[in-house]
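Everything below concerns the one structure shown next.
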Amino acid sequence: MESYNPQVLEPKWQQYWLDNRLFAAADDTHKKKMYVLDMFPYPSGDGLHVGHAKIYTASDIVARYLRMKGFNVLHPTGWDAFGLPTENSAIKLGIHPAELTKRNVARFRQQMQRLGLSYDWEREINTTDPQYYKWTQWIFLRLYKMGLAYEATVPINWCPSCLTGLANEEVVDGKCERCGTAVEQRPLRQWMLRITRYADQLLQGLGGLDWPQFIIELQQNWIGRSEGAEIIFTLDQSSAVNPQAMAEKLTIKVFTTRPETIYGATYVVVAPEHPLVGVITTPQQREAVTTYVAQTKQRTEVERTDVTKEKTGVFTGAYVLHPLTHEPLPVWVADYVLLAYGTGAIMAVPAHDERDFAFATKYNLPIVQVISPVLGKDQAELPYSGDGVLINSDQSDGQEVAAGRQMIMGLLQQRAVAQKAVIYKLRDWVFSRQRYWGEPIPLIHCKKCGVVPVPEKDLPVELPPIDTYQPTGTGESPLAAIESWVQVKCPTCPNIARRETNTMPQWAGSSWYFLRYTDPHNKQALAAPEKMQWWLPVDVYMGGAEHAVLHLLYARFWIKALRDAGVISLTEPFSRLRSVGLVMGEDGQKMSKSRGNVVNPDEVVAQYGADTLRLYAMFMGPFSASGAWNTGSIAGVHRFLKRVWQTVLRLAENSEPGPETTTDLEVLLQQTIKRVSENTENFKFNTAIAALMEFHNFLEKQPHVSRSVLERFILVLSPYAPYISEELWQRLGQKQSVLKTAWPGWKEQVLQPAVIKLPVQVNGKLRATIEVAAAVSEEHIVQAAQQQLNVARYLSQGTVARVVYVPGRLLNFVLKE
RNA sequence: GCCCAGGUGGCGGAAUGGUAUACGCUGCGGCCUUAAAAGCCGCUGCCAGUAAUGGCUUGCGAGUUCGAGUCUCGCCCUGGGCACCA
């Protein structure tokens, strides 16, 4: 018999599928639509990774399955090709990034096609294509006109190795997410996106999504909503502050989530960068404060926010008045208060806050307990942050925390010194990069007119094709050096103006690409509204958890902004999200070139074929779990395919077309169809494959079977191992591709076997298994069970107190004590 | 410190509160072969036993239940995330 040879049959079918456009999605309104998407790859110079193979195989299986189930499936891909790695290796190799991108894309596309991924290649997009980034720029201008993009000179995260600014989301443990270099703070003119305006919507929107819980919580934490109050403390007139400041009746506004503890506030702290520091500091303290602030500036972000380090601070010499008791409270400067969060100032309640407690202890500041765990038992170990009743709080004494909060807030609001406030950890998005390989920000700076958007008709603003695109490190993009490109006529006056030379971050192109797939060649709009209306939202989105707060948050933000701009009518882009677990090296470590544990998918395909790689990637374990690559197990799934090949070809010779009969084989087949269907829908690809293996183990023992059994087996195998399935399908005499064939069904009544095996327990321990007709009565079953020798032996040791019978499942005799 | 996920054979893992260890890998024995590879057949959680069978077993300890890997409570460990966020 001809042996299984994937190296011959796989390229043949790959060509067939492409030639016959079997993956192309039609804008067909008769069938129900399904938009199945995976996070498009960054075409790096390393080529496809087995991690790509895992995620793309999974979404491919879902897409193939849904097509056979009769859905109109949109399953596209493309290239997220702007960004630093390409630019860096372009510099190293002396090849232009555009050219390098072209090469990398060609390699990726070839590798992905070889895996049999059923993408609609006619919808392929590339974020670096001017026809694509024209619309990225167009969206930016929309955001700009909505007031969502603004220019600011702010201290930003600067990577001294990548020589560019970074968004907060790109800084991990104070280091550059990409290269691991410690990030510095640098004041730089930046374009910022006002994502904070959508903080609440981004939080609310998470509620209706079918996403992994941990990603939802990651986003919630990142947005970091806190409810509390802003309270105003007025500077004490009697404290010796410079007269000018006194005349203005200065106040310090603090933020707290626990206004009910205000009677326990014994001092106030402001951040070292707080604008009032210079104003309120007394002459006696000026030197100490100046020194402290200078020291703080020199520390890195990591040093400063190290929780384990001892707290430091210095007294300003100034006092504020407690808004209720009117007692003077000293104002300190300390770097444990952050300017960027809340108001940059706090009221310190050392009795009920760990940090304030440590600080107060160190500097001998008073500690006043105002919450008691239980009324009358005032001793609690401080700091105490739990619930209880208020004490030492004047007329609020005895109130529970929640009621006390209301009462005290009422008091403060009466005096107009407090208001409720909600604040977020989320910061605005630093959107400019000082590098070449990104979308130019389509704005023009005119001396006379100020910032002027590039007119829509002049989009795209194309990257100039230049030779020197090395980063400058000066805070200017390399584009700034290209005078011929920078100089441009102002769109609104006759003067010569200058282009914005910063480029967009890599996240720009990926924040809306899923819209473009619905209408990728549209020249008039980013996509036709009716096509977006028909295809969106993305029904199934698969990707890595590393994008939990980057891409997934940015994309949700852009969609909400575009909705407010009237461009789309979508509020959430991704209905259902599934995250893939990492594929580790055989040593259990993350794959990396330096460790030498990288598995190259090309080599696996060359040795075993793409079907084996697909099957193995799915069989490794649960899709969302990370796991180590194991060469021995690949041989196992490859063996399975070889045996399928032989079994089907052997049985094809002596099978005949025949009606379905209700034999054990038919029952098992329908069970298998059911299991594969349900497991595929639930992304449990590993158990779907186990079901296929179990069926095959039974099938291969059969001397002959009906043709229909083989056909249905191949159909349910086909999303997982499309090449071998297509070949065997043809060899069974089929003229039409498996892709065009309907998914087989099952009948519940066939799955009810006539005879069942019933476990019999005595006191919950298995003592026998009996075979009984499914329809037989409980009485008969009990009798049959009692006749089992092993059961009888245990029953004779006591009297039966109770019999538990779960129909079809088990029988349990419970004996009296 | 806080939040999330997880802990099941030698290994990857499977199990709507109902036969724990499916499926695969490894290992052992056998067949085929001059031999090896490949392939095929059988066995393979642990302990005792020739066997029938019995006992034990899902990180640890308790609880609910006729019955718990699964539910509840308390701990331990591993992985991931957040972190002077007031």
Side-chain angles (χ1 to χ4, degrees), chain A residues 3 172-173 212-222 224-226 228-229 254-258 261 269 271 304-312 334-338 340-349 352-356 358-359 385 423-426 545-546 548-549 581-582 615-616 619-622 624-637 639-640 642-643 646 675 684 686-697 700 757-769 789-790 793 800-806 808-815:
Chain A
S3 64
V172 178
D173 287 334
Q213 190 55 31
F214 81 99
I215 291 188
I216 289 182
E217 274 164 34
L218 245 52
Q219 291 215 354
Q220 283 171 344
N221 291 340
W222 192 263
R225 184 180 200 270
S226 286
V254 306
F255 175 79
T256 178
T257 53
R258 304 199 63 189
T261 62
V269 188
R304 233 190 108 165
T305 56
D306 178 8
V307 247
T308 57
K309 105 175 183 254
E310 201 180 319
K311 302 205 183 332
T312 58
D335 68 356
Y336 81 92
V337 171
L338 308 173
Y341 185 72
T343 59
I346 61 158
M347 62 175 204
V349 185
H352 305 291
D353 182 280
E354 231 176 277
R355 296 150 303 180
D356 297 344
F359 193 80
S385 56
I423 58 168
Y424 300 91
K425 286 190 214 170
L426 187 68
E546 68 273 19
V549 287
L582 235 53
L615 219 50
Y616 173 66
F619 194 59
M620 287 176 78
S624 60
S626 63
W629 191 263
N630 184 293
T631 306
S633 296
I634 302 175
V637 292
R639 201 171 302 158
F640 166 67
K642 282 200 287 194
R643 285 163 59 188
Q646 290 187 354
R675 283 170 69 188
K684 292 166 80 175
N686 56 332
T687 52
I689 293 169
L692 290 165
M693 286 173 165
E694 277 179 66
F695 178 74
H696 174 262
N697 287 345
E700 78 180 339
K757 282 183 182 158
L758 195 74
V760 180
Q761 299 181 334
V762 179
N763 280 342
K765 284 195 189 291
L766 181 72
R767 296 304 176 189
T769 307
L789 278 181
N790 210 28
R793 210 163 86 211
V800 175
R802 199 177 149 189
V803 177
V804 181
Y805 174 59
V806 185
R809 298 308 301 241
L810 105 175
L811 182 66
N812 187 14
F813 293 98
V814 185
L815 299 186

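Since the structure is predicted, the reported quantities are computational estimates derived from the model, not experimental observations. Each chain gets a letter, A, B and so on, in the order the sequences are listed, and its residues count up from 1.
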Check step by step if side chain to side chain contact (heavy atoms under 4.5 Å, CB included) holds for Val804(A) and Gln761(A). CA-CA 9 Å; Val804(A) 181; Gln761(A) 299 181 334; over 6 Å; no
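- Residue-environment remark: CD (Glu354(A)) stays at or below the threshold of 12 foreign heavy atoms within 6.0 Å.
- At the phosphate of A86(B), OP1 or OP2 sits under 4.0 Å from a side-chain N or O atom of Ser226(A).
- Taking atom P in both U72(B) and G18(B), the straight-line distance is 15 Å, to the nearest Å.
- Put simply, CD on Glu546(A) is 13 Å from P on C82(B), counting in whole angstrom units.
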Asn790(A)/Arg767(A) under side chain to side chain contact (heavy atoms under 4.5 Å, CB included): CA gap, chis, key distance, verdict: CA-CA 6 Å; Asn790(A) 210 28; Arg767(A) 296 304 176 189; 4.3 Å; yes
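- Among the protein residues, Asp356(A) comes within range of no part of the nucleic acid, since none of its heavy atoms lies under 4.0 Å from any strand.
- Comparing atom distances between the Phe619(A) side chain and each of A14(B), G12(B), C84(B) picks out G12(B) as nearest.
- Nucleic acid contact for Pro212(A): none, since no nucleic acid atom lies under 4.0 Å from a heavy atom of the residue.
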Go through Leu692(A) and Phe619(A) one step at a time and tell me if the side chain to side chain contact (heavy atoms under 4.5 Å, CB included) criterion holds. CA-CA 11 Å; Leu692(A) 290 165; Phe619(A) 194 59; over 6 Å; no
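- A donor-acceptor pair is defined here as one N or O able to donate and one able to accept, closer than 3.5 Å; such a pair exists between the side chain of Tyr616(A) and the backbone of Asn630(A).
- When the C1' atom of G79(B) is taken as reference, atom CG of Leu218(A) falls 14 Å away, rounded to whole Å.
- Neither OP1 nor OP2 of G13(B) sits under 4.0 Å from any side-chain N or O of Lys684(A).
- With A14(B), A86(B), C66(B) as the candidates, the nucleotide lying closest to the side chain of Tyr341(A) is A86(B).
- A 4.5 Å side-chain heavy-atom check between Lys425(A) and Asn221(A) finds every atom pair outside the cut-off.
- One side chain, Asp356(A) or Tyr336(A), offers a donor N or O that lies under 3.5 Å from an acceptor on the other.
- Between the CZ atom of Arg802(A) and the P atom of C66(B) there is a distance of 5 Å, given to the nearest Å.
- Within 4.0 Å of Ile346(A), counting heavy atoms only, lies at least one base atom of the nucleic acid.
- The CZ-C1' distance, from Phe813(A) to U19(B), rounds to 16 Å in whole Å.
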Would you tabulate the pairs of protein nitrogen or oxygen atoms and nucleotide nitrogen or oxygen atoms of nucleotides 3-6 of chain B closer than 3.5 angstrom?
residue	atom	partner	partner atom	Å
C3(B)	O2'	Glu217(A)	OE1	3.3
C4(B)	O4'	Glu217(A)	OE1	3.4

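- The shortest distance between side-chain heavy atoms of Gln219(A) and Ile216(A) does not fall below 4.5 Å.
- Looking at heavy atoms from C-beta onward, Val269(A) lies out of side-chain contact with Lys311(A) at the 4.5 angstrom threshold.
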Contact pattern, 5' to 3', of nucleotides 41-58 of chain B - B, S or - by protein heavy atom under 4.0 Å: ------------SSSS--
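- Proximity of a side-chain donor or acceptor of Asp353(A) to a complementary backbone N or O of Ala348(A) within less than 3.5 Å is not detected.
- Formation of a donor-acceptor pair under 3.5 Å by the His696(A) side chain with backbone atoms of Phe640(A) is not found in this model.
- Rounded to whole Å, the distance from CD1 on Ile689(A) to C1' on G12(B) is 13 Å.
- Because its glycosidic torsion is within 90° of 0, G9(B) is reported here as syn.
- Of all nucleotides present, none satisfies the Watson-Crick or G-U wobble test against A68(B) with each distance under 3.5 Å.
- Checking the phosphate oxygens (OP1, OP2) of G24(B), no side-chain nitrogen or oxygen of Arg639(A) falls inside 4.0 Å.
- Going from the P atom of U21(B) to that of U58(B) covers 14 Å, rounded to whole Å.
- Of the residues in residues 628-636 of chain A, those placing a heavy atom less than 4.0 Å from an atom of RNA chain B are Gly632(A), Gly636(A), in numerical order.
- Comparing G13(B), A86(B), U19(B) against the side chain of Gln761(A) picks out U19(B) as the nearest.
- Going from the P atom of G10(B) to that of C60(B) covers 14 Å, rounded to whole Å.
- Of the candidate nucleotides G13(B), C84(B), G18(B), C84(B) has the atom lying nearest to any side-chain atom of Tyr336(A).
- Distance from the side chain of Asp353(A) is smallest to A86(B) among C66(B), A86(B), C23(B).
- Contact annotation for Val254(A): no contact, since no heavy-atom pair falls under 4.0 Å across all strands.
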